[in-house]
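Lettering of chains follows the sequences in order, A, B, ..., and the numbering in each one begins at 1.
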Amino acid sequence: MFYNTAGQFKTSYTKDQSLFPVKQDAILLGVVLLCAWIIFPMTASEFTFKTMLMPVLCYSLAALGLNVLTGFAGQLSLGTAAFMGVGAFACYKLITIFPEMNIIVAILLSGVFSSAVGVAFGLPSLRIKGFYLAIATLAAQFFLVWLFEKWHWLSNHNPSGAIEVPNIDMFGITVAGPNAAPVTQYYLILAIVTLITIVTINLTRGNQGRIWKATRDMDIAAELIGINLLKSKLTAFAVSSYIVGVAGALFVFLNLGAAEPNFFDIPLSFKILFIAIIGGLGSVMGNFMGAILIVALPVVIKFLPDAIGLEINPATVEHLNIMTVGALIIFFLIIEPHGLARLWQLIREKLIIWPFPH
Amino acid sequence: MKKLTSFAAAAVMAITAGAASAEGLSTPNLSYRTGPFAATGIPLMNGQRDYMLMLNARDGGIGGVPVDFSECETGYSTEKGVECYEATKGDAIVTQPWSTGITLQVLPKTNVDEIPILAPGYGFSPMADGSVFNWAFNMPGSYWDAASMILNEISGNDLSTLSGQKIAFLHLDHPFGKEPLPFLENMAEEHGFELLPIPVGLKEMQNQSAQWLQIRRERPDYVVMWGWGAMNAGALTEAVKTRYPMDQFLGVWWSGHDGDMEALGEAGTGYRSISYSAPQPDAQVMADIREYVFDKGDSLATESELDWVFYQRGLVISAMLAEGIKTAQDHFGEGEITASQLRWGLENINLTDERLAEMGMTGMVAPFSTSCSNHTGHAGGWMLQWNGSEWEVASDHLMPDSEAIRPLEVAAAAEYAEANAPWPIADCE
């Protein structure tokens, strides 16, 4: 009924290949975008901005980057957090060396550095596959975090080894640092995330995306039909690390405000991998759904008992939180191993024929 | 449907009731009773909590206003710490971040949010310079104070005797562990001893064989440890295994946890830890805690925990906060003080011997006073030594070398202000 596709005729190939062949999909996305761009910013408190909206967007972007590599090109990576770190440290160096540089330019440029590092660590992927590649990217994870700790030039010789974001102005408005208003930071993050998501959707639907999928599904077959595996895998590493690097820079500069090298350690990599897996590998929308489940839900659970006046020991809440989120992850993976995005797909298909299933 | 409506009504009532219960002086604590540092965190959190509960039960709060001492669990994670800070800052008059990482994140925001940070004996050492760090307090001593007192103790108050000696600095590879490095490097250069920094990664805390192999090879005259959580137990076990002389092994005040030492027992005899607090099991305040909190079953602590160094340090921390609140109440003549009034109070603490006796805390912390330019108080402390079954005070009252520390503090604070420009700087004259 709500998803009735009857009467939506496609009279040309262009129409049939459009991004949203079903009108309701476009409307739904419009509602989501309306919420994200207008309703949330108008209603959210500083707490919601800082702990839910902005982290969800940053994590979604990082998971999207990982998904390009793992979900679309089939190269398993465990070094995501380290590439985020490269982005964040590169952005910090750019901002401190060229204080006049526009923060958006710096953030987008910092992705180039993580992209280069990603390609370097992606080289082994030409020879090794699957779990063995995961181990090789694990090396990137350990090496880069070690480098962030030992190479003091990266943090401008800060005695604590952490990077701290200074106050940064853009066109007279403070956008980063302690004096920035959360709503400005939110809009900046949202703009960059929206932009990169649109580019990625088009990239994965186009020629390059098909090359990646062919590589993922069967690399020998892909090679036989004339796909250059070297190029295909390395572009996947480059694009993926770029997005991940931008996500790292965004997260530290516009949301956290400071980060120590240990922040980019392996638990963060796992968190992002979980988001990508639970959201759905090979999907763009899944990253956002996964991030809501893994990032925003624990915050809600944590502060819910207090908000409704229940007196529970905070340590108990924390333990409950870990258990609930863990149980939910298992629950979702049992009912749909292909992730939340696939779950939504199934629901949507059922809705299309509802209420007259055949 | 009816059920749903009544449930919704109940939920709304619960929410309003929840908001109404948050009256009084809101002093949230960003606790860590979970995660890798929980073992050391729990006694401290219990001490802090019990002291405030005791004040509420005995005196009806501070100045007649009850203290709303709530906890928000961080698990020592920086990300969750920021969540907790944002969640609790609404009506809070103080924030207690409890991790150097979280302190670094929250520090720049307090100028904007105008909430004082209380980081007793941790955080960023240059916070002592109150003209730059208007809103941050780390009394009764900073990490640089601790490092200085350790050096004073091992050199017999004459640092020149350390010349030519080798001191290994075993530290957690984390902002906390790196904090005293600038001071120690400076002292090493000035007094001609060799400083050997040995970092321990967060992942290697429990297995420090590589670090102790290096110590065995280098044979340092002293090992100074800046460890936390599982790292302390790991280091002490390795020290016993490699037969490093315990009386040449010293730790910061967070490396003196009863639980770790009890596991070692006799083998740990001689190990020393600097401390700004000293346990006084017979103090009046302990009797009050037992009477008003512990015996009623309101405490989360266990019987044996009450005499632990960390538990009693928790009491001292809350006592300092309570003293700041009281100072502000007396000055402004109001019970329900605001965050900025508490800032004034924390800046004008004068904790004398008489006042400590009045609070029933004689000997638990050294007397100190704070001022606009001195947010640390520099109370000094004592060397605690493990005698095989418990900690005992093994030195006279030690003082840090403030003359050497002060210029470093001022320089580091100025550097911080410059990196974070525009940064408000108060005039302390």
Practice item. Anything in residues 38-47 of chain B with a heavy-atom distance to chain A below 4.5 Å? Please list those residues in order. Key: none

**Study point:** Side-chain touch A:Lys302/B:Cys84, heavy atoms, less than 4.5 angstrom
**Key:** yes

Review point. Which bit of A:Asn167 comes within less than 4.5 Å of chain B, counting heavy atoms only: side chain, backbone, both or neither?
Key: both

Practice item. Could you tell me whether B:Glu418 atom CD has more than 12 heavy atoms of other residues or ligands within 6.0 Å of it? Key: no

Point to revise | Under 4.5 Å from a heavy atom of chain A, the part of B:Ala419 involved | key: backbone

Practice item. Answer yes or no: is there a donor N or O on one side and an acceptor on the other, between the side chain of B:Gln105 and the main chain of A:Ala258, under 3.5 Å? Key: yes

Exercise for review: For B:Glu415, look at atom CD and say whether over 12 heavy atoms of other residues, nucleotides or ligands are found less than 6.0 Å away.
Suggested key: no

Show which side-chain atoms of residues 49-65 of chain A pair as donor or acceptor with protein atoms under 3.5 Å away, not counting sequence neighbours.
| unit_1 | atom_1 | unit_2 | atom_2 | d |
| --- | --- | --- | --- | --- |
| A:Thr51 | OG1 | A:Phe47 | O | 2.7 |
| A:Tyr59 | OH | A:Lys271 | NZ | 3.4 |
| A:Tyr59 | OH | B:Glu79 | OE1 | 3.3 |
| A:Tyr59 | OH | B:Glu79 | OE2 | 2.7 |
| A:Ser60 | OG | A:Val56 | O | 2.5 |

**Study point:** B:Lys80, part contacting chain A, at a heavy-atom distance under 4.5 Å
**Key:** both

Point to revise | Spatial distance of atom OG1 (B:Thr78) from atom CG (A:Asn262) [nearest 0.5 Å] | key: 8.5 Å

Exercise for review: Flag the pair B:Arg33 and A:Glu318 as a salt bridge only when some basic side-chain nitrogen lies within less than 4.0 angstrom of an acidic carboxylate oxygen.
Suggested key: no

Exercise for review: Please round to the nearest 0.5 Å and tell me the distance separating atom NZ of B:Lys178 and atom NE2 of A:His152.
Suggested key: 6.5 Å

Exercise for review: For B:Leu104 and A:Glu164, run side chain to side chain contact (heavy atoms under 4.5 Å, CB included): C-alpha distance rounded to whole Å, both residues' side-chain angles, the deciding distance at 0.1 Å, then the answer.
Suggested key: CA-CA 8 Å; B:Leu104 284 175; A:Glu164 286 158 11; 3.4 Å; yes

Review point. How long is the span from the CD atom in A:Glu46 to the CG atom in B:Asp113, to the nearest 0.5 Å?
Key: 6.0 Å

Exercise for review: Please assess B:Lys203 against A:Phe142 for the test side chain to side chain contact (heavy atoms under 4.5 Å, CB included), listing each intermediate value before the final yes or no.
Suggested key: CA-CA 11 Å; B:Lys203 286 187 286 287; A:Phe142 289 134; 3.7 Å; yes

Exercise for review: Could you look at A:Asn156 and say if it's the side chain, the backbone, both or neither that has a heavy atom under 4.5 Å from chain B?
Suggested key: neither

Practice item. Evaluate the side-chain proximity of B:Pro199 to A:Lys150: yes if any heavy-atom separation is below 4.5 Å, no if none is. Key: yes

Review point. What part of B:Tyr416 gets closer than 4.5 Å to chain A, counting heavy atoms only: side chain, backbone, both or neither?
Key: side chain

Point to revise | Options B:Leu107, B:Leu202, B:Val82, B:Asn111, ranked by heavy-atom pairs under 4.5 Å with chain A, top entry | key: B:Leu202

Point to revise | Close side-chain approach of A:Val317 and B:Glu73, heavy atoms under 4.5 Å | key: no

